[in-house]
Protein chains: 2
Amino acid sequence: MTSAPPTVATASLPAPASRRMSGEDRRRQIVRIAMRRFSEKGFSGVTTKEIAAEAGVSEAIIFRHFATKQELYAAILDQKMKDADAAAFWALMRELAARRDDRRFFETIMQHIIERHRADYSFQRLLFFSALEGHELSEMFFRLYARDIFDFLGDYIETRVREGAFREVNPQVAARSLFAMPFLQTMFEQLHRDQTVTGSPETLARAYAAIFLDGVSRPATAPTAKSSPARTS
Amino acid sequence: MTSAPPTVATASLPAPASRRMSGEDRRRQIVRIAMRRFSEKGFSGVTTKEIAAEAGVSEAIIFRHFATKQELYAAILDQKMKDADAAAFWALMRELAARRDDRRFFETIMQHIIERHRADYSFQRLLFFSALEGHELSEMFFRLYARDIFDFLGDYIETRVREGAFREVNPQVAARSLFAMPFLQTMFEQLHRDQTVTGSPETLARAYAAIFLDGVSRPATAPTAKSSPARTS
DNA sequence: CACGTAAGTTAGTATTCACTTACCAAGCAA
DNA sequence: TTGCTTGGTAAGTGAATACTAACTTACGTG
């Protein structure tokens with residue numbers, strides 16, 4: 001008997017891994033591996049055999065924990081929704097909203113979106129796949145997660161319009177625009193490994209928030225041009 | 001022998017369809033059906049048997065036209081790229097750019113994005129799938145199609161910044177923002193069947209373009225508030 | 001140490017999948 | 001009619017796939 005247990009010493013990826021895990025641990029390991037695999041190739045693109053192999057375990061073990069492949073898939077979203085704890089983030093957002101600190105409010109939410117999507121690359125891809133494949137679970141996730149964000153954003157923008165701080169924009173359209181910018185940023189990074197626009201979440205969030213708040217046009221009061229319909233050269 | 005050929009009389013969807021098509025026609029029909037199916041369930045989610053059944057033909061016919069399933073998949077993108085003819089659109093865009101008609105320029109491009117994505121629902125989903133599944137063909141499509149758009153937009157914005165008409169924004173960031181808005185709009189419509197923000201392409205494009213150009217903030221010159229850091233309460 | 005429980009294995013099974021082979025018949029030109 | 005090209009079919013083939021049944025081994029506890 002070698003005295004020390006395997007711990008972290010194993011190779012890492014195709015590792016046959018340690019034997020005799022506790023049920024709980026094994027289950028979590030399988031869910032983790034399945035998430036990565038499904039996020040890479042979609043539900044029907046991955047075999048249970050593959051997952052078992054990566055976990056260093058026989059296929060039958062997977063079916064001890066999950067009755068069907070579908071159930072394993074569902075378990076991924078289940079666990080993610082349990083893990084998701086954005087309480088601190090929401091507290092900050094409510095504070096910024098109360099202080100009417102528009103710029104920091106939008107920068108923070110955009111930065112948060114970029115950070116989360118970058119950190120949780122696999123899960124984002126998985127959500128895409130599941131949305132495309134029409135799994136009800138993705139729908140549920142969007143209803144619970146995205147809906148909240150959009151409602152919150154929409155309400156804030158609506159308030160600021162009423163207060164006269166914002167122009168008479170449609171709050172829903174504005175909220176969607178706001179979300180679209182950092183979202184597409186990370187989507188491009190992840191889908192096409194696009195590197196044309198890079199930067200830290202802070203930097204990017206500042207740039208996007210500036211466009212969202214101020215627009216790209218130079219306001220009419222600027223020294224150069226009047227806002228007359230068009231300067232035809 | 002019934003005198004009249006089947007023509008269009010057949011049921012429509014699970015139709016065994018007409019017999020003895022010309023090779024060319026059959027090929028196109030198969031590509032059309034495959035596109036719809038792949039766009040619904042992804043590459044590995046669809047069987048060649050399914051496609052054959054919908055075409056009202058035996059599986060072997062598919063493999064007469066396409067050596068492998070992969071080749072059929074590739075043929076879809078191939079044909080789409082041949083069909084795509086945006087010459088008129090580009091001419092209009094160049095004209096608007098030359099006239100420095102910023103608002104119409106951006107409204108037109110956003111409207112175009114919404115229209116195309118709405119009209120070509122299946123193909124958009126297919127592109128998503130293929131991007132996620134990492135098919136090289138999707139990469140090719142994006143390099144040829146999206147790259148052009150972004151370069152064109154980036155160049156125009158850069159020019160307008162130099163001319164002093166736009167604020168000192170990063171052209172790439174601005175171009176991406178611009179694209180993100182109508183793109184996410186249709187993505188939500190298609191992925192979640194979301195109906196919170198509806199409207200014709202024109203209406204939506206106007207709303208999004210206004211945010212992009214003018215921002216949501218009311219400019220400091222407005223009667224209500226000065227641009228001082230924050231109006232607490 | 002016995003011993004029961006839970007983690008793990010081996011070796012299937014039925015079915016489905018992409019793809020093939022060998023044959024058939026519709027149309028058309030000579 | 002003959003013959004030949006071409007669109008079409010029937011019936012497979014071997015490899016995978018999700019999932020199962022029956023058996024084995026590690027481990028904590030009375």
Side-chain angles (χ1 to χ4, degrees), chain A residues 1-7 10 15-34 37-38 40-76 133 135, chain B residues 1-7 10 14-35 37-38 40-76 133 135:
Chain A
M1 314 144 177
T2 48
S3 54
T7 63
T10 47
S18 61
R19 297 191 146 220
R20 198 85 192 173
M21 269 184 198
S22 87
E24 186 79 359
D25 284 356
R26 183 65 77 192
R27 193 188 151 94
R28 275 224 268 274
Q29 182 212 20
I30 291 170
V31 168
R32 214 187 53 237
I33 290 169
R37 290 293 224 218
F38 284 141
E40 282 160 4
K41 302 163 70 184
F43 182 73
S44 42
V46 179
T47 68
T48 50
K49 196 175 177 181
E50 257 176 82
I51 297 171
E54 189 174 336
V57 103
S58 73
E59 229 180 320
I61 280 295
I62 289 182
F63 290 99
R64 178 105 91 219
H65 286 286
F66 311 95
T68 66
K69 194 185 170 189
Q70 282 277 352
E71 199 175 285
L72 167 57
Y73 193 84
I76 297 170
E133 285 166 340
H135 280 271
Chain B
M1 311 142 179
T2 48
S3 55
T7 62
T10 49
S18 61
R19 297 189 144 221
R20 198 90 192 169
M21 270 185 198
S22 87
E24 186 79 359
D25 285 355
R26 184 64 77 191
R27 191 189 153 95
R28 274 223 269 273
Q29 181 210 20
I30 291 171
V31 167
R32 216 187 50 238
I33 290 170
M35 180 174 93
R37 290 294 225 217
F38 285 142
E40 282 160 4
K41 302 164 68 185
F43 182 73
S44 41
V46 179
T47 68
T48 49
K49 197 175 177 180
E50 258 175 81
I51 296 170
E54 189 174 334
V57 103
S58 72
E59 229 180 320
I61 280 294
I62 289 182
F63 290 98
R64 179 104 92 216
H65 287 286
F66 311 95
T68 66
K69 195 185 171 191
Q70 281 279 349
E71 199 175 283
L72 166 57
Y73 193 84
I76 296 171
E133 285 167 338
H135 280 271

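We name chains A, B, ... by the order of the sequence lines, and we start the count at 1 in each one. Just the heavy atoms: all of them, side chains too, but no hydrogens, waters or symmetry mates, feed the values below.
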Within this structure, what is the CG-to-C1' distance between Leu72(A) and dC19(D), rounded to whole angstrom?
13 Å

Round to a whole Å and report the spacing from CD1 of Ile30(A) to P of dC19(D).
14 Å

Per nearest nucleotide of DNA chain D, the residue lying toward the 5' end, Thr47(A) or Arg64(A), is Thr47(A)

For atom NE2 of His65(A) and atom P of dT9(C), their distance in whole Å:
11 Å

Separation of dA18(D) atom P from Ile62(A) atom CD1, nearest Å, is 9 Å

Could you check how far NZ of Lys41(B) sits from P of dT16(C), rounded to whole Å?
13 Å

Closest to the Lys69(A) side chain, choosing from dA18(C), dA18(D), dT9(D):
dA18(D)

Okay, side chain of Glu54(A), backbone of Ile33(A): is any donor-acceptor separation there less than 3.5 Å?
no

Round to the nearest Å and state the distance from Asp25(A) atom CG to dA26(D) atom P.
19 Å

When you measure from the side-chain N and O atoms of Thr48(B) to the phosphate of dA18(C), is any distance below 4.0 Å, counting only OP1 and OP2?
yes

Student check: side-chain heavy atoms of Thr48(A) and Leu72(A) closer than 4.5 Å
no

Measuring only between side-chain heavy atoms, which start at C-beta, is Arg64(B) closer than 4.5 Å to Arg26(B)?
no

Do Arg26(B) side-chain and dG8(D) base share a donor-acceptor contact under 3.5 Å?
no

Is it true that a side-chain atom of Glu71(B) and a backbone atom of Ala67(B) form a donor plus acceptor pair closer than 3.5 Å?
yes

Select one nucleotide: of dA18(D), dT21(C), dA26(C), the one nearest the side-chain heavy atoms of Glu59(A).
dA18(D)

Would you indicate which nucleotide in dA18(C), dA18(D), dG7(D) comes nearest to any side-chain atom of Ile61(B)?
dG7(D)

Any side-chain heavy atom of Phe38(B) within less than 4.5 Å of one from Glu133(B)?
no

Interatomic distance, Phe63(A) CZ vs dA6(C) C1' [rounded to whole Å]
20 Å

So for Arg20(A) and dA6(C), does any side-chain atom that can act as donor or acceptor lie under 3.5 Å from a complementary atom in the base?
yes

Could you give the NZ-to-P distance, from Lys49(B) to dT9(D), as a whole number of Å?
15 Å

For Ala60(A) and Ser44(A), take the nucleotide of DNA chain D holding the closest heavy atom to each; which residue's nucleotide lies nearer the 5' end?
Ser44(A)

